[in-house]
A.B. asks: 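Please find one structure pasted underneath; my questions will follow.
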There are 2 protein chains.
Amino acid sequence: MFVYFITMTEEKKDTEQTIKEAAKKIFLVNGLKGARMQAIADEAGINRAMLHYYFRTKDKLFEVIFSDAMTEMNQRMGAIITSDLPILKKIEHFVHGYSESAISNPEFDLFIINEFRQNPTYFDEMMKTSNAGTVIKGFASEIEKAIDKKEIVGNPNQIFLSIIALCIFPFAAKTMVRTMLGHSEKQYTKLLEERKDFLMQFIIKAITP
Amino acid sequence: MFVYFITMTEEKKDTEQTIKEAAKKIFLVNGLKGARMQAIADEAGINRAMLHYYFRTKDKLFEVIFSDAMTEMNQRMGAIITSDLPILKKIEHFVHGYSESAISNPEFDLFIINEFRQNPTYFDEMMKTSNAGTVIKGFASEIEKAIDKKEIVGNPNQIFLSIIALCIFPFAAKTMVRTMLGHSEKQYTKLLEERKDFLMQFIIKAITP
DNA sequence: GTCTATACTCGGATAGAC
DNA sequence: GTCTATCCGAGTATAGAC
C-alpha cells in the first residue's frame, strides 16, 4: 500500500513535468490564444482530459509556464547586469549573454512581445512584483551614470532601447529577416553566431565619445 | 432604372471600401487568426453576413487587405531606397522615412513579423513575385558597394540587419518597451519622435571608418 | 444588397466508468 | 490517475426572406 502511494506520487510528478515541458514548447510557438490543448496533449503523449486534471484550465496552465519562463529569464539577465564591471564590459556581457540564451531559446522573444501586447495590464503588474523591473531599471540607470561620467554619449533611454533592439530583433523577426535576406536556416544561424562579436564593435563605436 | 443601377454600384463600392478599412484596422491589431468577423462588422457598422457577401470568406478578405498593405509599403520604401543619393544620405532617408510611416501606422511591423512567422512559404512566394525582394536586395547591395568603396565598414548583412532592427523594434515591441521604461503613451511617442535624429548619429558613428 | 435565423465546426471543459 | 463520451460556447459560413 505504501509503495503504491509513492509510485503514484512519482508518476504524478513525472506527468506534471512532462506536461509543463510540452506546454512550454507549444505556448512559445503559438501564444496563449493560438495554442491548442490537443497539441499540448499530443506533445506530452497523453489526452486532453489529463491536462485539465493536472492544471484545471488552459489559462492556469499558461500562467504556470509563463511565470516559470520569466523567472528563469530574470535570473539569467540579472546575474549579468548586476555584476560589478565597467559599463562597456557590462554591455558586452549583456549582449553575449542575451545572444547565447536567445540562440538556445529562439522563440522566447517574439512570444514575450506578443503576450505583452495582448495583455498589457497583466505584465504591468508583473513588472512591479517580480524583480524584472529592478533589473531593467538598474541597467538603464547604469547607462545614465556612465553618460554623466562622460564614458559614453547619447540619450540613456535611446541607448538602452538601441541595445535591446539590436539584440532581440534578429530573433524576434527571424522568419521575416531570413526571407528578406534569402538565407537558409543554417546561413541565418551562422549570421546570428557571428553577430555577437559584430554587435560589440557596432555598439561601442556608436556610443563612445 | 438606370439611375438605380448606378446607385447600387456606388453603394457597393462604398460598402466594399468601408469593409476594407475596417478589416485592415482589425487585422493589423489582431492578426488573421485573432481577428473576429464580428469585430470587423462592428467596425464597419454592418453585420457579419455582409462581409461574406462581399468577400466570401475570412481568408479571402485577409488576402485582399494584406496584399494592399504590402503594395503600399513597398512603394513607399522603394521610392526612398532607389533614389540617387550617397549611401549615408540614403540610410538617413530610409531611417526617417521608415519612422514617419511607422508612426502613422504603428501596428504594421509586429503584424508583418507575426504573419511571416505563421505562413513563411506564402511570404517566400510573395517576396519573389512582388517588388519587395528587389527593393530590399537593392538596399543590401548598395551597402555592400559602399563597403567596397571604404565609405563604411562592417559586414553588409549585419549592417542591414542592424539598421532595420533599430528602426522597426521600437514599434514592433512598443508595449513591452513602454512597460520596461515605465513610460506613458505620450512619453513613448516623444521618444519615438526624437529617435529619428538620434538614430542617424548612432548609425553613422557605428559604420563610418 | 441587406437582414435574421440557422447550420456546422472547432476547441475547451466536465462527467463518469474503470 | 487515466480514459471515453459528451456538453457547451464561440466563431465562420450559408439559406432564405425581404
Side-chain angles (χ1 to χ4, degrees), chain A residues 1-66 114-115 118-119 122, chain B residues 1-66 115 118-119:
Chain A
M1 191 57 196
F2 186 58
V3 172
Y4 179 71
F5 175 72
I6 293 292
T7 306
M8 281 298 104
T9 307
E10 280 173 353
E11 270 172 11
K12 183 178 172 182
K13 272 218 174 96
D14 284 351
T15 308
E16 213 172 288
Q17 195 52 35
T18 308
I19 292 175
K20 276 176 153 188
E21 280 158 24
K24 186 177 176 184
K25 198 167 165 183
I26 302 296
F27 278 134
L28 278 174
V29 175
N30 302 290
L32 169 55
K33 281 190 306 190
R36 294 286 157 258
M37 293 298 265
Q38 184 61 61
I40 296 172
D42 290 348
E43 181 71 31
I46 54 167
N47 64 51
R48 269 178 301 166
M50 279 285 90
L51 299 178
H52 289 99
Y53 176 78
Y54 280 96
F55 294 93
R56 193 86 185 143
T57 69
K58 185 185 181 184
D59 282 356
K60 288 216 171 55
L61 175 56
F62 179 80
E63 167 69 34
V64 171
I65 301 310
F66 182 76
N114 277 316
E115 297 304 321
Q118 279 158 36
N119 207 337
Y122 173 78
Chain B
M1 191 56 196
F2 186 59
V3 171
Y4 180 70
F5 174 73
I6 293 290
T7 305
M8 280 299 104
T9 307
E10 282 173 351
E11 270 172 14
K12 184 179 172 183
K13 272 219 173 93
D14 284 350
T15 308
E16 213 174 288
Q17 196 51 36
T18 308
I19 292 175
K20 276 175 152 191
E21 280 158 24
K24 186 177 175 184
K25 198 167 165 183
I26 302 296
F27 278 134
L28 277 174
V29 175
N30 301 290
L32 169 55
K33 282 189 308 189
R36 294 286 156 257
M37 293 297 265
Q38 184 62 60
I40 296 172
D42 291 348
E43 181 72 31
I46 55 167
N47 65 51
R48 270 175 303 166
M50 279 286 89
L51 298 179
H52 289 99
Y53 176 79
Y54 280 96
F55 295 92
R56 193 83 185 145
T57 69
K58 186 185 180 183
D59 282 356
K60 288 216 173 53
L61 175 55
F62 179 80
E63 167 69 33
V64 171
I65 300 311
F66 182 76
E115 297 304 321
Q118 279 158 36
N119 208 337

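By convention in this document, chain letters (A, B, ...) are assigned in the order of the sequence lines, proteins followed by strands, and residues within each chain are numbered from 1.
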A.B. asks: Roughly how many Å is it from OH in B:Y53 to P in D:dG16, rounded to a whole number?
C.D. replies: 17 Å
A.B. asks: Rounding to an integer number of Å, can you tell me how far B:L32 CG sits from D:dT12 C1'?
C.D. replies: 12 Å
A.B. asks: Counting only side-chain heavy atoms from C-beta out, which of C:dG1, C:dG12, D:dT4 sits nearest to A:R36?
C.D. replies: C:dG12
A.B. asks: Please give, in whole Å, the distance from D:dT2 P to A:I19 CD1?
C.D. replies: 8 Å
A.B. asks: Once rounded to the nearest 0.5 Å, what's the spacing between atom CD1 of B:I40 and atom CE of B:M50?
C.D. replies: 14.5 Å
A.B. asks: Starting at atom CG of B:L51, determine the distance to atom P of C:dT2, rounded to an integer number of angstrom.
C.D. replies: 11 Å
A.B. asks: Between A:H52 (NE2) and D:dT6 (P), how many Å, whole number?
C.D. replies: 18 Å
A.B. asks: Report the distance from atom CD of A:Q38 to atom C1' of D:dA5, rounded to the nearest whole Å.
C.D. replies: 14 Å
A.B. asks: Taking OP1 and OP2 of C:dG1, is either one under 4.0 Å from a side-chain nitrogen or oxygen of B:T15?
C.D. replies: no
A.B. asks: For a 4.5 angstrom cut-off between non-hydrogen side-chain atoms, does B:Q17 reach B:K20?
C.D. replies: yes
A.B. asks: Base of C:dG12, side chain of A:R48 - is there a donor-acceptor contact under 3.5 Å?
C.D. replies: yes
A.B. asks: Between B:F62 and B:F27, what is the ring plane arrangement, given parallel below 30°, perpendicular above 60°, and tilted in between?
C.D. replies: perpendicular
A.B. asks: Where the side chain of A:M50 is concerned, which of C:dT2, D:dT2, D:dT12 is the nearest nucleotide?
C.D. replies: D:dT2
A.B. asks: Could you work out which one of C:dC3, D:dT2, C:dG12 sits closest to the side chain of A:K58?
C.D. replies: C:dG12
A.B. asks: Taking A:K58 for the side chain and A:A35 for the main chain, is one N or O donor matched with an acceptor at less than 3.5 Å?
C.D. replies: yes
A.B. asks: What integer distance in Å separates A:D42:CG from C:dG11:C1'?
C.D. replies: 13 Å
A.B. asks: If you apply the rule side-chain hydrogen bond (donor to acceptor under 3.5 Å, both in side chains), what do you find for A:Q38 with A:D42, and how did you get there?
C.D. replies: CA-CA 6 Å; A:Q38 184 61 61; A:D42 290 348; 2.8 Å; yes
A.B. asks: Less than 4.0 angstrom between a side-chain N/O of B:T57 and OP1 or OP2 of D:dT12, yes or no?
C.D. replies: no
A.B. asks: With a non-hydrogen cut-off below 4.0 angstrom, is B:A35 in contact with a base, only sugar-phosphate, or nothing?
C.D. replies: sugar-phosphate
A.B. asks: Under 4.0 Å between a side-chain N or O of B:R56 and OP1 or OP2 of D:dT14?
C.D. replies: yes
A.B. asks: Would you mind reading off the distance between B:N47 atom CG and D:dG16 atom C1', rounded to a whole angstrom?
C.D. replies: 14 Å
